[in-house]
Amino acid sequence: MSLLEADAQQCLFYAVAGFMGFVCGAYCQQEVSIRQLFGMIRRDPYIFYHRQKLYPILSTFRTDHEARLWKRSSSLTDKIRNCLVFSLVDSINALFFDRKPPTYTPDLLDLIKYGLPSTENLYVHKDYIVSQDLLTNAPKWICEHLRGNYRKLTTDEDGDALHLRYNDVFVLSCGATRICKAFKREIWRKLEQHVTKMTEKFGSVYVYTGPMYLPSLIPGENWTLEYQIVDWIPLPMPSHYFKVLITEPQLPDTTPYMEGYIIDNKNSTTPSSCELINYLCDIGEIERHTGLRFFEGVQSVVRFKKEKWCPR
């Protein structure tokens with residue numbers, strides 16, 4: 001082998017080694033960046049909402065980031081990535097930077113698995129996420145994930161002015177119980193009992209609750225919206241409250257389903273007012289009156305029929 005051929009082989013070896021080093025470095029940089037993005041998604045609802053736009057910016061190599069985020073991918077590549085790349089990064093952080101693998105409390109992926117109805121003024125609590133409406137100075141909606149071991153804030157025997165005092169009632173009332181007439185009604189107690197039974201039976205229920213502001217027509221006058229004075233501030237009174245349930249049956253060959261309810265915010269003693277089925281409504285009706293969008297752009301396996309699983 002001539003000296004020229006030896007130099008050519010050496011140059012080729014260096015070029016291949018450099019190219020492989022560049023590829024490995026770019027891959028590791030992508031994985032570290034995506035892992036940090038996943039951590040931010042679990043903490044920040046706004047990053048969760050815009051995550052699809054961030055994936056291409058941080059990606060050099062093609063991969064299904066959404067499947068990885070929701071842990072739906074179990075390929076050999078994912079196992080190698082978790083065993084080698086992530087373990088190596090954790091070891092380096094622990095050895096040189098004294099950093100431990102992060103833990104996320106609360107984990108937003110658990111609270112907003114089925115998306116955000118809106119993205120205005122979001123506040124995250126360990127048990128729920130809420131959107132604040134600055135125009136009405138009241139929550140716009142609240143989302144909770146109830147499981148089989150969920151405990152109510154109070155019980156029927158406590159005799160509270162607001163039925164059962166779930167997180168949604170506690171947050172939406174804002175301390176102004178005279179505004180939230182619906183929460184004192186028997187039908188609201190039945191609705192919460194229904195939610196409790198569904199949670200105990202199926203083990204996982206996502207609950208969205210919020211106010212609706214619909215004007216009423218007074219005979220001989222124009223359409224009007226009622227206001228109440230709270231701490232010397234005039235605030236609109238909700239005409240109705242909605243509740244949207246996404247139930248996840250823990251049964252083989254089943255898919256989640258949705259059901260929605262609208263309850264008017266007034267005292268009512270008519271015979272039909274105590275039948276929960278009379279308040280069952282279409283989800284689109286709630287979306288049309290509130291401007292919210294439920295279950296949009298996350299997964300596509302929720303059905304809108306409940307006859308098979310919802311007991312009467």
Side-chain angles (χ1 to χ4, degrees), residues 1-116 118-119 122 124 126 129 145 204 206 248 250 252-253 255-256 293 295-302:
M1 180 182 297
S2 65
L3 181 61
L4 183 61
E5 292 178 343
D7 291 341
Q9 289 183 355
Q10 189 174 21
C11 290
L12 180 61
F13 172 78
Y14 289 151
V16 172
F19 176 76
M20 294 301 297
F22 172 79
V23 172
C24 293
Y27 180 78
C28 291
Q29 180 62 44
Q30 170 183 298
E31 293 306 311
V32 171
S33 300
I34 292 298
R35 192 187 190 193
Q36 292 178 346
L37 176 62
F38 285 171
M40 297 173 69
I41 289 174
R42 295 176 182 273
R43 298 190 302 268
D44 193 322
Y46 294 102
I47 296 181
F48 170 85
Y49 182 76
H50 294 288
R51 70 192 185 282
Q52 297 289 358
K53 299 179 181 179
L54 297 175
Y55 289 153
I57 299 175
L58 301 176
S59 299
T60 306
F61 305 91
R62 292 188 59 183
T63 181
D64 190 351
H65 298 304
E66 197 68 3
R68 292 171 55 188
L69 176 66
W70 298 104
K71 298 181 179 179
R72 296 196 301 261
S73 178
S74 58
S75 63
L76 179 61
T77 304
D78 293 326
K79 295 179 181 179
I80 295 176
R81 180 191 303 113
N82 294 334
C83 293
L84 294 181
V85 179
F86 291 163
S87 298
L88 178 62
V89 171
D90 291 338
S91 300
I92 294 175
N93 287 332
L95 181 62
F96 295 100
F97 303 102
D98 194 23
R99 298 177 183 174
K100 298 180 180 179
T103 57
Y104 308 104
T105 304
D107 188 349
L108 273 183
L109 293 184
D110 179 65
L111 285 174
I112 54 181
K113 178 179 180 180
Y114 294 99
L116 297 167
S118 66
T119 58
L122 299 175
V124 180
K126 66 183 184 67
I129 181 171
H145 181 201
S204 177
Y206 287 82
E248 296 181 316
Q250 305 299 312
D253 301 325
T255 58
R293 292 295 179 266
F295 183 67
E296 185 175 38
V298 179
Q299 301 179 29
S300 58
V301 293
V302 172

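As a basis for the values below, the full set of heavy atoms in this structure was taken, side chains included, without hydrogen atoms, waters or symmetry mates. Only a predicted model underlies this, so the values are computations on that prediction, with no experimental measurement involved.
- Counting only heavy atoms from C-beta outward, the side chains of D44 and L122 never approach each other to under 4.5 Å.
- How far CZ of R51 is from CE of M40: 14.5 Å, rounded to the nearest 0.5 Å.
- Residues Y206 and D110 form a side-chain contact, since some pair of their non-hydrogen atoms from C-beta on lies under 4.5 Å apart.
- Not one N or O on the side chain of E248 forms a donor-acceptor pair closer than 3.5 Å with the backbone of P256.
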Original post:
Between S204 and H145, does a side chain to side chain contact (heavy atoms under 4.5 Å, CB included) hold up when you go through it step by step?
Top reply: CA-CA 7 Å; S204 177; H145 181 201; 2.7 Å; yes

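- Rounded to the nearest 0.5 Å, atoms OH (Y46) and OH (Y49) are 11.5 Å apart.
- Here the side chains of Q52 and E66 are in contact, with some heavy-atom distance below 4.5 Å.
- Ring planes of H65 and Y55: tilted class, angle from 30 to 60°.
- At least one side-chain heavy atom of F38 sits less than 4.5 Å from a side-chain heavy atom of I41.
- Taken from OG in S59 to CD in E31, the straight-line distance is 8.5 Å, to the nearest 0.5 Å.
- Counting heavy atoms from C-beta on, the side chains of F61 and V23 come closer than 4.5 Å.
- With contacts defined as side-chain heavy-atom distances shorter than 4.5 Å, the pair M20/V16 qualifies.
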Subject >> Trace of the side chain to side chain contact (heavy atoms under 4.5 Å, CB included) decision for T60 with Y27 >> reply: CA-CA 7 Å; T60 306; Y27 180 78; over 6 Å; no

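- Here the CD-OH distance, from Q9 to Y14, works out to 12.5 Å after rounding to the nearest 0.5 Å.
- To the nearest 0.5 Å, atoms CG (L58) and CD1 (I34) are separated by 5.0 Å.
- V124 is listed as a side-chain neighbour of P45, based on a closest heavy-atom distance under 4.5 Å.
- Note that the CG atom of L37 and the CG atom of L69 stand 8.0 Å from one another [nearest 0.5 Å].
- Inter-residue side-chain proximity for R42 and F48 is flagged as unmet; no heavy-atom pair is nearer than 4.5 Å.
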